[in-house]
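Quick notes on the structure that follows.
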Amino acid sequence: GYQHGQLMAREIESYIDRCAALFNDDDKALDAKGKEACWRSARVTADALFLRGFDQEILTEMKGIADGAAEAGAKIFGRKVELLDIVTANTHVEQGTLRWGALLMTPSGLEGLGLEAPDYAREKQDAGANEHCSAFAATGPATADGKMIIGHVTMWGLALAEQSNVMLDIKPAKGRRVLIQSYPGGIHSGLDWYQNDAGMVLTETTIQQGPFR
């Protein structure tokens, strides 16, 4: 983590600046003060909901990223980068999901009480086109030579996807060496694929958001 932070200090500054701008809920461009206010709010959410849910190993890595970046001179909004900034950057997608879908689908206790508006009062809304990541994996008789073919399409705004061009080659003290494509300060793959030195590949596909069983 410390090495990651030192090598990517300038890029981490830029990535956090973009994240701060995207936390804005309206379409108006933000000045520095506006972005700082959005970032402060996002830090509170990350602190309250996510920080203490990480395993110690992951928290230690993010602390290393923050310390390495700070040592290399990385600053945001006039101060050195710190742990909570890296946590907030790494939970940017989750925070967006909270606002745009997850909380709307989380039971509140009022379900089933018949409190919905009558039909004539409901607005007709066009759901519009859905954008979801998609992937496929094929091997054995499904491919010409029996070897695996993995494909993935990332549906993500270009403001952050443009910086998801960091290749992390990680060799942990225990476990397998793994290669991932991520973003500055990232602890997971922003573009959703991983490959370890045993040849195992992991990717993901996104289904419609809904209640989970």
To the closest 0.5 Å, what do you measure between [atom1] ([X]) and [atom2] ([Y])?
| X | Y | atom1 | atom2 | result |
| --- | --- | --- | --- | --- |
| Thr139 | Lys147 | OG1 | NZ | 10.5 Å |
| Ile170 | Arg177 | CD1 | CZ | 11.0 Å |
| Ser41 | Glu36 | OG | CD | 12.5 Å |
| His4 | Ile65 | NE2 | CD1 | 5.0 Å |
| Ile86 | Ile16 | CD1 | CD1 | 4.5 Å |

At their closest point, which heavy atom of [X] faces which heavy atom of [Y], and how far apart are they?
| X | Y | result |
| --- | --- | --- |
| Gly190 | Thr154 | O-CG2, 4.4 Å |
| Ala9 | Ala69 | CB-O, 4.0 Å |
| Trp39 | Cys19 | CZ3-CB, 3.7 Å |
| Asp192 | Cys133 | OD2-SG, 4.0 Å |

Taking only residues at least two apart or on different chains, which pairs with a member in residues 159-183 satisfy ring-ring contact (aromatic ring centres under 6.0 Å, His included)?
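For residues 159-183, and leaving out neighbouring residues, the ring-ring contact (aromatic ring centres under 6.0 Å, His included) pairs sorted by first residue read Tyr15-Tyr183, Tyr183-His188.
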
Quick one: ring-ring contact (aromatic ring centres under 6.0 Å, His included) pairs with a partner in residues 47-68, sequence neighbours left out?
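Every candidate ring-ring contact (aromatic ring centres under 6.0 Å, His included) pair involving residues 47-68 fails, so no pair, neighbours aside, qualifies.
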
List in chain and number order the residues that pass salt bridge (charged side-chain N to carboxylate O under 4.0 Å, His left out) with [X], two or more places apart in sequence or in another chain; answer none if no residue qualifies.
| X | result |
| --- | --- |
| Glu13 | Arg10 |
| Arg18 | Glu162 |
| Asp67 | Lys63 |
| Asp145 | none |

Who are the side-chain hydrogen bond (donor to acceptor under 3.5 Å, both in side chains) partners of Thr106, not counting sequence neighbours?
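None.
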
Below 4.5 Å, heavy atoms only, C-beta onward: do [X] and [Y] meet side chain to side chain?
| X | Y | value |
| --- | --- | --- |
| Asp17 | Ile76 | no |
| Leu83 | Met62 | yes |
| Leu98 | Leu49 | yes |
| Glu11 | Val166 | no |
| Ser134 | His152 | no |
| Leu51 | Thr91 | no |
| Asp47 | Arg52 | yes |
| Phe23 | Lys35 | no |

Would one find more than 12 heavy atoms of other residues, nucleotides or ligands at under 6.0 Å from atom CG of Leu158?
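It does not: Leu158 CG has 12 such atoms or fewer within range.
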
Would the number of heavy atoms belonging to other residues, nucleotides or ligands and lying under 6.0 Å from CD of Glu57 be above 12?
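Atom CD in Glu57 is not packed in, count stays at 12 or less.
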
Verify, without hydrogens or angle tests, whether [X] (side chain) and [Y] (backbone) share a donor-acceptor contact under 3.5 angstrom.
| X | Y | answer |
| --- | --- | --- |
| Thr143 | Gly146 | yes |
| Ser189 | Gln181 | yes |
| Asp31 | Gly34 | yes |
| Asn196 | Gly199 | yes |
| Asn90 | Ile187 | yes |
| Gln95 | Ala42 | yes |

Report the hydrophobic cluster partners of [X], with the cluster defined as I, L, V, M, F, W, Y residues connected by side-chain heavy atoms closer than 4.5 angstrom, directly or transitively.
| X | answer |
| --- | --- |
| Val44 | none |
| Phe136 | Ile149 |
| Met148 | Ile150, Val201 |

Does anything in residues 68-83 pair up under side-chain hydrogen bond (donor to acceptor under 3.5 Å, both in side chains), and if so which pairs, sequence neighbours excluded?
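Non-adjacent pairs meeting side-chain hydrogen bond (donor to acceptor under 3.5 Å, both in side chains): Arg43-Glu82, Arg79-Asp85.
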
Cluster check Val178, Ile58: I/L/V/M/F/W/Y, side chain < 4.5 angstrom
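Yes, it is one cluster - the side chains of Val178 and Ile58 are joined through contacts under 4.5 Å.
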
Partners meeting side-chain contact (heavy atoms from CB on, under 4.5 Å) with Ser182 (sequence neighbours left out):
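Scan of Ser182 (side-chain contact (heavy atoms from CB on, under 4.5 Å), adjacent residues dropped) gives Leu168, Ile180.
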
